[in-house]
Amino acid sequence: DGVITISNVKKLFNTKSGTLTAVDDVNLQINEGEIFGVIGYSGAGKSTLIRMLNGLESPTSGMVDVNGKVISNSKGSDLRRARQKISMIFQHFNLLWSRTVRENISFPLEIAGVGKRERDKRVDELIELVGLDGRGDAYPSQLSGGQKQRVGIARALANEPEVLLCDEATSALDPQTTDAILELLVDINKRMGLTIVLITHEMHVIRKICHRVAVMEEGRVVELGDVLDVFKQP
Ligand code: ADP
Ligand code: ADP
């Protein structure tokens with residue numbers, strides 16, 4: 001589970017100055033339990049690519065398959081079913097600012113129809129897992145950036161996903177906080193065996209936690225392999 005297949009995926013955008021190719025014929029297979037990084041400069045197509053993995057964008061052509069379910073061009077209840085086991089965390093955390101830490105983490109469980117008693121139990125476990133003990137009743141505005149991302153991670157894990165997508169998840173954080181969050185992601189990957197796909201413009205992030213990496217330039221994957229091979233030190 002948690003296997004991702006990206007086949008001949010292209011994404012074009014129509015802009016005022018013509019058609020722009022954001023993702024240009026990408027083929028990737030991401031394995032179960034792997035921490036897979038996509039690195040590239042701004043505008044390389046990373047964000048568009050990762051958004052196609054959970055149906056936030058649809059490819060213009062090609063196919064995205066996660067856990068044997070086709071994500072690309074699915075809609076409505078088909079898409080909801082296909083993305084049930086896929087979660088995402090974001091650069092700016094995307095928390096609900098008028099709700100507490102507990103309420104933020106509980107939110108996906110409420111949507112999934114999980115009963116109150118079970119929700120409370122899950123939220124307690126998640127708060128402990130991400131190291132937010134004692135902060136459950138705080139509001140996001142009372143938390144540091146690293147703590148906000150811990151809430152984002154706990155919320156993303158609430159429905160026991162098989163795939164966690166990370167969209168520049170440490171780019172708004174200072175280096176020390178970045179390292180702590182990356183260590184948490186490694187810990188979660190080991191404990192739960194879930195597949196992690198992250199996009200970043202920072203080499204350090206890739207080197208620290210990824211098993212394999214794809215380098216993107218102008219919508220294309222220009223290098224792919226084990227991190228140690230792709231970023232060999234001279
Ligand atoms: P990255 O995440 O690597 O910075 P993006 O995927 O955000 O790259 O963007 C790739 C290219 O697609 C850029 O040229 C960007 O301007 C363009 N792009 C992204 N989203 C849209 C959109 N919704 N409409 C038009 N162009 C877009
Ligand atoms: P970052 O969290 O990376 O500093 P954001 O733009 O996400 O950048 O948020 C900056 C701050 O503004 C947050 O810490 C939060 O307190 C506040 N904030 C962001 N979005 C909202 C919102 N929709 N409603 C209320 N406050 C918000």
Side-chain angles (χ1 to χ4, degrees), residues 4-30 34-66 70-76 79 82-83 86-95 145 148-149 152-153 156 161 163-175 177-178 181-182 185 195-227 230-231:
I4 301 169
T5 308
I6 300 169
S7 311
N8 304 111
V9 164
K10 260 190 207 247
K11 178 68 180 183
L12 309 181
F13 288 113
N14 292 315
T15 68
K16 269 181 277 175
S17 45
T19 304
L20 186 151
T21 307
V23 172
D24 194 1
D25 202 19
V26 167
N27 289 281
L28 289 172
Q29 164 102 31
I30 299 171
E34 173 168 48
I35 305 184
F36 189 91
V38 179
I39 192 167
Y41 295 118
S42 177
K46 308 181 294 295
S47 178
T48 305
L49 183 68
I50 204 170
R51 288 162 59 81
M52 288 191 283
L53 300 186
N54 69 350
L56 285 174
E57 299 276 7
S58 303
T60 307
S61 61
M63 199 189 71
V64 175
D65 176 306
V66 179
V70 178
I71 299 291
S72 43
N73 303 314
S74 299
K75 290 202 173 73
L79 178 60
R83 76 187 342 172
I86 309 169
S87 282
M88 193 154 178
I89 59 173
F90 306 89
Q91 179 171 7
H92 295 294
F93 322 121
N94 295 15
L95 304 179
K148 283 181 210 164
Q149 194 58 289
I153 292 168
V163 175
L164 178 64
L165 307 175
C166 310
D167 186 350
E168 296 280 2
T170 55
S171 298
L173 306 175
D174 63 63
T177 309
T178 291
I181 293 294
L182 294 177
L185 291 176
T195 307
I196 297 182
V197 182
L198 64 87
I199 65 168
T200 181
H201 60 279
E202 292 173 303
M203 183 100 89
H204 165 78
V205 169
I206 302 278
R207 277 187 194 278
K208 188 163 166 96
I209 71 164
C210 292
H211 306 136
R212 285 194 308 146
V213 61
V215 181
M216 281 188 84
E217 265 175 33
E218 296 182 357
R220 292 179 170 272
V221 172
V222 295
E223 265 192 275
L224 171 68
D226 290 343
V227 169
V230 172
F231 297 136

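No experiment lies behind these values; they were computed from the predicted model shown. The analysis underlying the following values was restricted to heavy atoms, covering all of them including side chains, and did not include hydrogens, waters or symmetry mates. Both counts, for ligands and for their atoms, begin at 1 and track the order of listing.
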(message) Evaluate Gly45 for polar contact with ligand 1, using N/O atom pairs at a separation under 3.5 Å.
(response) yes
(message) When you measure from the side chain of Asp167 to the backbone of Phe90, do you find a donor-acceptor pair of N or O atoms at a distance under 3.5 Å?
(response) no
(message) Could you check whether atom CZ of Phe13 has more than 12 heavy atoms from other residues, nucleotides or ligands sitting under 6.0 Å from it?
(response) yes
(request) Could you tell me the residue and atom name of the protein heavy atom closest to atom 19 (C) of ligand 1, and the distance to it rounded to 0.1 Å? (result) Phe13 CE1, 3.5 Å
(request) Under 4.0 Å from a heavy atom of Ser47: give me the atoms of ligand 1 that qualify, with their elements. (result) 1 (P), 2 (O), 6 (O), 7 (O)
(message) Return the closest protein heavy atom for atom 5 (P) of ligand 1 as residue, atom name and distance.
(response) Thr48 OG1, 3.7 Å
(request) Using a strict cut-off of 4.0 Å, indicate which atoms of ligand 1 neighbour a heavy atom of Leu20. (result) 11 (C), 12 (O), 14 (O), 17 (C)
(message) For the backbone of His211 and the side chain of Glu34, can you confirm whether one donor and one acceptor N or O come within less than 3.5 Å of each other?
(response) no
(message) With the threshold set strictly below 4.0 angstrom, can you tell me whether any protein non-hydrogen atom sits that near atom 17 (C) of ligand 1?
(response) yes
(message) I'd like to check which ligand 1 atoms, numbered from 1 as shown, lie under 4.0 Å from a non-hydrogen atom of Tyr41.
(response) 3 (O)
(message) I need the His201 NE2 to Ser171 OG distance, nearest 0.5 Å.
(response) 4.5 Å
(request) Provide the number and element of each atom of ligand 1 under 4.0 Å from a heavy atom of Ala44. (result) 1 (P), 3 (O), 8 (O)
(message) Checking the N or O distance criterion of under 3.5 Å, is ligand 1 in contact with Gly43?
(response) yes
(message) Quick one, Thr170 and Gln149 - any side-chain contact, counting heavy atoms below 4.5 Å?
(response) no
(message) Taking distance alone, with N or O pairs closer than 3.5 Å, would you say Lys46 contacts ligand 1?
(response) yes
